[in-house]
Amino acid sequence: MALRQPRRDERRLQSIHRLHPAIEGRIHRRQRPVRPPEDRLVQRPLRLLPGGGPARHHAADGLHPLLRRRGKRPVRVRKCRGDRGSRARHPRRLRRAQPRGLRPGAGTFRGGESPRLAPGTRGRMKSAVSPRREEDFPEWYQQVVKVADLAENSDVRGCMVIKPWGYGLWECIQRQLDFLFKETGHKNAYFPLFIPLSYMEKEAGHVEGFAKECAVVTHHRLEAGDDGKLHPAGELSEPLVVRPTSETIIGATYAKWVQSYRDLPILINQWANVVRWEMRPRLFLRTTEFLWQEGHTAHETEQEALEETERMIRVYEAFARDHLALPVIAGEKSESERFPGAVKTFTIEAMVQDRKAIQAGTSHFLGQNFSRASGIRFLSRQGAQELAWTTSWGVSTRLIGTVIMTHADDDGMIIPPRIAPAHVVILPICPKPETRDAVLAAAEALRKRLAALAFHGAPLGVEVDRRDIGGGVKNWDWIKKGAPVRIELGPRDLENGTLAVSRRDRAGKEFLQTDAFVEQAPAILQSIQDALYAKALAWRDEHTRVIDSREDFRAFFTPGNPAKPEIHGGFAKTHWCGARACEERIKNDLKVTIRCIPFDAVQEAGRCVECGEPSGRRVIFAKSY
RNA sequence: CGGGCUGUGGCUCAGCUUGGUAGAGCGCUGCGUUCGGGACGCAGAGGCCGUGGGUUCAAAUCCCACCAGCCCGACCA
């Protein structure tokens, strides 16, 4: 009783708070913001390709031929020129602009009732995602995943349903990475989901790292009880662990495969799911079950294994850069951040839009730790029994989260063309039933022409959205999903042989001759790819600081408002003496960790940013995911 | 695993203090007007109020227990 009373009061307080006029006014304001003319669509001259490429522009008056043609009919022209600002003065709009009064349940920023305007952004275009990045980055992220139709939470805590558009991203990543693995001499195989408990105990560091987050299978049968419910029965003699990673079971297998140096190297990769019982799941970034790839190799010499470890982190680095448009820093992890059981861990670290670091891929030199634990022995060229040298390396569906947090904006997802499930989406505009068939036929013809083209060796992915819904809704749907290029094709385009092209990385749209567009399509996609990379690189560089003093370091990572930290900090390139104690203290004080010791760090004398002891090179400090 | 909070149509929530016919917005369906920047009007479908027990003539509402989820800390790709 005493427990519930304060709860009531709090609820009441909340209700009162919601009804406060100032707050209500902000939430209920339904006015459509009058967009400044320079933000309007059609008027702004566009270039689809950088540097005055072959993109064909409208005549000097800035008008598309279509619009000029219609210029004889002033009413149409005004409409076509996208003079949407006038909509605010339209009688119907005016009516909507009136305050609606209090409506129950509307005092929320979530769900369908998203606010048109964020505080202090009067007159700005509303964005598709609410809140905006600068308002609440974690919530923005969740909303992007949702509105882009990438994934959703399932009824199983911590496990997500990856929806077709999101899974399409994974398929593209998978296909291209797989190609790169094959190119570097690896073959795919598949190992069991279940690992005998005793295997997990073999490597001490490994146990320590994963024991706390293992799902354990103890029974193999269900029996109906007297209560009518099903109960586990048939207890296993030895519990099975659902793989959190596969070093142990693969090691045990390799031990059987390897007899002599002639059996080495073993270069194998597996595409699989793994389970790590996480406390705080987040779609794509940290889920209980996730999809990944894990490469496991065994080598004759330490040198060979080290080369493999570095080769694969370089593969990841290049893949991130060229395919995902992610600038990453490749380097080595400090001891405390190493993979459990590894001798060395290499990583690629990306910076996302809240300036935090995210580990996007890792490659581990496992030394002889796992071959010792699993007994991977071979007869050497000299006739002696030796332990193999092993490596493992992996990237996961977290890459998708990284891509989202790097490229997406306040209107939703932006997909780098090279991993887009569909590169070009054709939106047929069918205002009148009598032109519908012709427009759809033209859309299909265009799809075929585009699909015959190639982008980086693969056919262009083209989708025609035939859904019978409003043109604006349809268009926004694909903006939110982040399709690289949208084509609007309407009846008037048919007469003129034109189409309207929109790039997801830029505002507005441009009318082009269909032939010209088809010719340029792959180049436009590459231009988008390059632009995304350039933007992400500029962002990272802008928020990377060379820091030498302890005060500057602490100031860099201390938010102005600790109660509700704003987006702050970034990458700090600082000297570090190498002592674990310094690293630890910084982590405790600032929640900042060493992301990596970059491979390309120049040798340079300096002093540790924490203790002042001498240091030979700089490391990257950052807050991280 | 510690601390705080919440469970009511698909989603976000109101209703509970003071027990008496279950509500709103969005979404969904149909029809009409729309459709090249996110439309509008009208009509409609959809809920044993987390579960179990108790109090009462009567429980979404009061009491008890349980379950689930969220947030903040420790851990992580």
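Labels below follow one simple rule: chain letters A, B, ... track the order of the sequence lines, proteins then strands, and each chain is numbered from 1. None of the values given here were measured: they were computed from a predicted structure.
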Measure the distance from [atom1] on [X] to [atom2] on [N] and round it to the nearest whole Å.
X	N	atom1	atom2	answer
Glu139(A)	C72(B)	CD	P	11 Å
Glu213(A)	C75(B)	CD	P	12 Å
Glu434(A)	C35(B)	CD	P	12 Å
Leu440(A)	G36(B)	CG	C1'	15 Å
Arg436(A)	U34(B)	CZ	P	17 Å
Lys480(A)	G37(B)	NZ	P	15 Å
Arg503(A)	G37(B)	CZ	P	20 Å
Gln359(A)	C76(B)	CD	C1'	9 Å

How far, in whole Å, is [M] from [N] if one measures between their [atom1] atoms?
N	M	atom1	value
U8(B)	A68(B)	C1'	15 Å
U55(B)	C76(B)	C1'	48 Å
U56(B)	C63(B)	C1'	12 Å
C67(B)	A14(B)	P	25 Å
G23(B)	C49(B)	P	14 Å
A43(B)	C48(B)	P	25 Å
A59(B)	C16(B)	C1'	10 Å
G15(B)	U6(B)	P	12 Å

On RNA chain B, compare the nucleotides closest to Asp411(A) and Thr362(A); which residue's is nearer the 5' end? Asp411(A)
Here's a test of your reading of the structure: between Thr397(A) and Gly471(A), which maps to the more 5' nucleotide of RNA chain B? Gly471(A)
Is a donor-acceptor contact shorter than 3.5 angstrom present between the side chain of Asp493(A) and the base of G36(B)? yes
Need one value for [X]: base, sugar-phosphate or nothing, where a base atom within 4.0 Å counts as base even if backbone is also close, heavy atoms only.
X	result
Phe290(A)	base
Leu285(A)	base
Thr287(A)	base

Which of the following nucleotides, [options], is nearest to the side chain of [X]?
X	options	value
Lys509(A)	G37(B), C11(B), G38(B)	G37(B)
Trp476(A)	G38(B), G36(B), C76(B)	G38(B)
Pro491(A)	G36(B), A77(B), G38(B)	G36(B)
Arg276(A)	G36(B), C76(B), G38(B)	C76(B)
Ile429(A)	G36(B), A77(B), C11(B)	G36(B)

Salt bridge present between Lys480(A) and Asp149(A) (N-O < 4.0 angstrom): no
Ion pair check, Glu335(A) and Arg580(A), cut-off under 4.0 Å: yes
Under 3.5 Å for both donor-acceptor distances, Watson-Crick or wobble: does [N] have a partner, and if so which one?
N	result
G36(B)	none
U29(B)	A43(B)
C1(B)	G73(B)
C57(B)	G20(B)
C67(B)	G7(B)

Please work out whether the ring planes of Phe290(A) and Trp292(A) are parallel, tilted or perpendicular, with thresholds of 30° and 60°. perpendicular
Name the orientation class of the two ring planes belonging to Phe339(A) and His364(A) (parallel below 30°, tilted from 30 to 60°, perpendicular beyond 60°). parallel
With a 3.5 Å distance limit and no angle check, can you tell me whether [X] reaches the backbone of [Y] through a side-chain donor-acceptor pair?
X	Y	result
Trp140(A)	Ser130(A)	no
Thr287(A)	Glu289(A)	yes
Asp411(A)	Ala128(A)	yes

Residues Thr397(A), Leu169(A); criterion side chain to side chain contact (heavy atoms under 4.5 Å, CB included); working and verdict: CA-CA 9 Å; Thr397(A) 35; Leu169(A) 287 175; over 6 Å; no
Under a 3.5 Å threshold, yes or no: a donor from one side chain and an acceptor from the other, between Tyr625(A) and Asp354(A)? yes
Check nucleotides 29-32 of chain B for protein N or O atoms closer than 3.5 Å to its own N or O atoms and list the pairs.
none

Side chain to side chain donor-acceptor pair (under 3.5 Å) assessment of His206(A) paired with Glu208(A): CA-CA 5 Å; His206(A) 202 63; Glu208(A) 214 177 298; over 6 Å; no
